Structure formats: C-alpha cells, structure tokens
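Working notes for the structure below.
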Amino acid sequence: MEDKCVFIIDEEILNKFSLLESQGEGYYEGENAQLFFEYLSYRIHNKKAFMIPSIYKKITSKLKINDGESLAYFKNWVKEGDIGESSDTTEEQDTISLFETLEVLHEKVFIISDKYEGNTNFRNIPVLTMDKLNKYLKDKKEFMKYINDCFYGQGY
Amino acid sequence: MDSENIIMETKEKNPKVISINIVRGSELSETARATKGISRDDLVEIRVERNSPAEPKIMKLGKNQSPTLRFKEALKKEGFSGKKII
C-alpha cells in the first residue's frame with residue numbers, strides 16, 4: 001500500500017538529474033534523481049514534491065525558455081511551497097518553515113537534500129540524503145518491479 | 001509574406017507548452033479512457049499547448065517513453081543536459 005508522505009526537495013536533485021547525460025561521476029546520483037521523479041509519477045497520492053519559493057523561482061525563471069517543455073515537466077513534479085516570501089530568512093530557515101507547515105497537513109514529510117546532514121537544526125527532521133533516498137526507493141518492491149518492467153522488461 | 005504571417009509561422013514551429021500532467025489512466029474519465037484506448041494502470045501524459053486546438057493532447061506512455069526520459073530529452077533540447085540548472 002502506498003504511503004502518503006510528501007517530499008521537500010531543493011535544486012540538488014534537479015541538477016543531479018540533468019547531469020545524468022554526462023555519463024561521468026554524477027551518473028549514479030543522476031539515476032537516483034531519475035528514480036525519484038519516476039516514483040512521483042508512479043504514485044497515486046502527493047505526486048508533486050515541494051520546494052521553497054526562493055529556489056523554485058530561480059529554477060522556473062531559468063527553465064522559462066524556448067517552447068517551455070522542460071519547465072512544464074518540472075511543474076508536473078514540483079510545486080512551490082506556500083510559506084510566503086521574506087528577504088530576511090535563509091534557505092535553511094525557509095526549509096524548516098516549509099517542513100513545519102507541511103507536517104501539520106501530511107502524515108509524513110521527508111526533506112531530500114545532502115545539505116543538512118549533521119546539521120543540528122535538522123536533528124528531529126527526517127532528511128534523506130541521495131544515498132538514503134536510493135535505499136528508500138529500492139525498498140519499495142512493487143515500485144521497483146514496475147521500474148524493471150518499464151525499463152528492462154515487458155514494458156507497460 | 002506580411003509580418004502577421006511571419007509571426008504565425010514562428011509560433012506554429014515553436015509551440016509553447018503550457019502544461020504537462022502525468023497521471024494514471026484511472027484518473028481520467030471513463031469516456032476519455034475508452035476513446036483513447038487507455039487502461040486504468042496506463043501512465044498518461046496530458047499536454048496543453050498554446051496555438052493548438054483547445055482540446056489537450058492525451059498520450060499513453062508506452063515502453064521507452066517513461067516521463068523522465070521525456071524530461072531528459074526536453075532538457076537536452078533546451079541546452080541544459082549535462083550541466084547544472086542553477
């Protein structure tokens with residue numbers, strides 16, 4: 001049965017996804033990022049991850065070029081967290097605010113980032129680094145069967 | 001060719017994608033599923049483009065058409081592939 005958790009992501013996962021094509025050092029983490037976006041598509045509930053407004057705006061303004069296809073895909077998976085905007089707060093503070101807001105509304109909230117590992121302000125917040133995310137997704141047997149069928153098996 | 005025609009031609013060559021929504025077939029109406037031959041488990045892309053007919057394009061995603069592969073292709077086409085976005 002699908003859990004109904006939600007995710008907060010930052011620019012790292014998207015950057016890692018875009019490095020997938022490079023076939024270099026970032027390939028493994030790029031695959032992790034790809035698996036995460038596939039997981040969001042596969043889900044029935046909470047198909048979009050949240051992002052703090054400052055990062056969301058930076059990314060959408062960058063992707064707003066040509067025919068807008070990559071921006072439209074991005075918006076399919078990611079939505080701007082509704083925490084208002086303040087020039088006085090840091091990215092870290094905004095992330096914690098978004099977490100606290102979503103925690104009231106959802107049964108479980110994960111932050112996906114390598115930025116906050118070991119940060120004592122995140123001691124009581126579930127943070128998935130890219131490595132932990134990989135394990136989290138690969139432990140989902142039905143999802144991994146679906147991925148195997150899609151990418152390596154009979155197809156869907 | 002006057003300027004209005006030139007603008008029209010440019011828009012047709014570069015349709016602006018307004019939105020993309022990837023959903024399960026089960027989220028579509030029964031009529032839409034029946035019309036497009038989509039099962040409840042199929043993954044479907046609903047795409048709305050500017051300058052296209054009002055009806056959105058509904059496409060079943062088959063083998064080698066996973067949403068992330070399509071996203072990867074879009075990033076590549078727009079020059080972001082292999083580099084950080086921000």
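Each chain gets a letter, A, B and so on, in the order the sequences are listed, and its residues count up from 1. Quick caveat, the model's predicted, so the values are computed rather than measured.
- Residue B:Ser81 touches chain A through both its backbone and its side chain, counting heavy-atom pairs closer than 4.5 Å.
- Aromatic ring centres of A:Phe36 and A:Trp77 lie farther apart than the 6.0 Å criterion allows.
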For this session: Start with the C-alpha gap between A:Glu80 and A:Lys57, add the side-chain angles, then the distance that decides, and say whether salt bridge (Lys or Arg N to Asp or Glu O under 4.0 Å) holds.
Result: CA-CA 8 Å; A:Glu80 185 178 352; A:Lys57 285 190 169 66; 2.6 Å; yes
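- Residue with the most contacts toward chain B among A:Ala33, A:Ser18, A:Gly30: A:Ser18 (heavy-atom pairs, distance under 4.5 Å).
- Salt-bridge formation is not detected for the pair B:Lys16/A:Asp67: no Lys NZ or Arg NE/NH1/NH2 atom is positioned less than 4.0 Å from an Asp or Glu carboxylate oxygen.
- When heavy atoms are compared at a cutoff of 4.5 Å, B:Arg47 approaches chain A solely by way of its side chain, counted from C-beta outward.
- In this structure, chain A has heavy atoms under 4.5 Å from both the backbone and the side chain of B:Lys84.
- Annotation: A:Tyr73 is not in aromatic contact with A:Phe17 [ring centroid separation under 6.0 Å not met].
- For B:Glu73, no part sits under 4.5 Å from any heavy atom of chain A, backbone or side chain.
- With a threshold of 4.5 angstrom between heavy atoms, A:Leu63 approaches chain B through its backbone and through its side chain.
- A salt bridge links A:Lys145 with A:Asp149; the closest basic N to acidic carboxylate O contact falls under 4.0 Å.
- A cation-pi arrangement is absent between B:Arg70 and A:Phe37, since the terminal nitrogen or guanidinium carbon is not both under 6.0 Å from the aromatic centre and inside a 45° cone about the axis.
- At a 4.5 Å heavy-atom cutoff, the contact between A:Lys58 and chain B is made by backbone and side-chain atoms alike.
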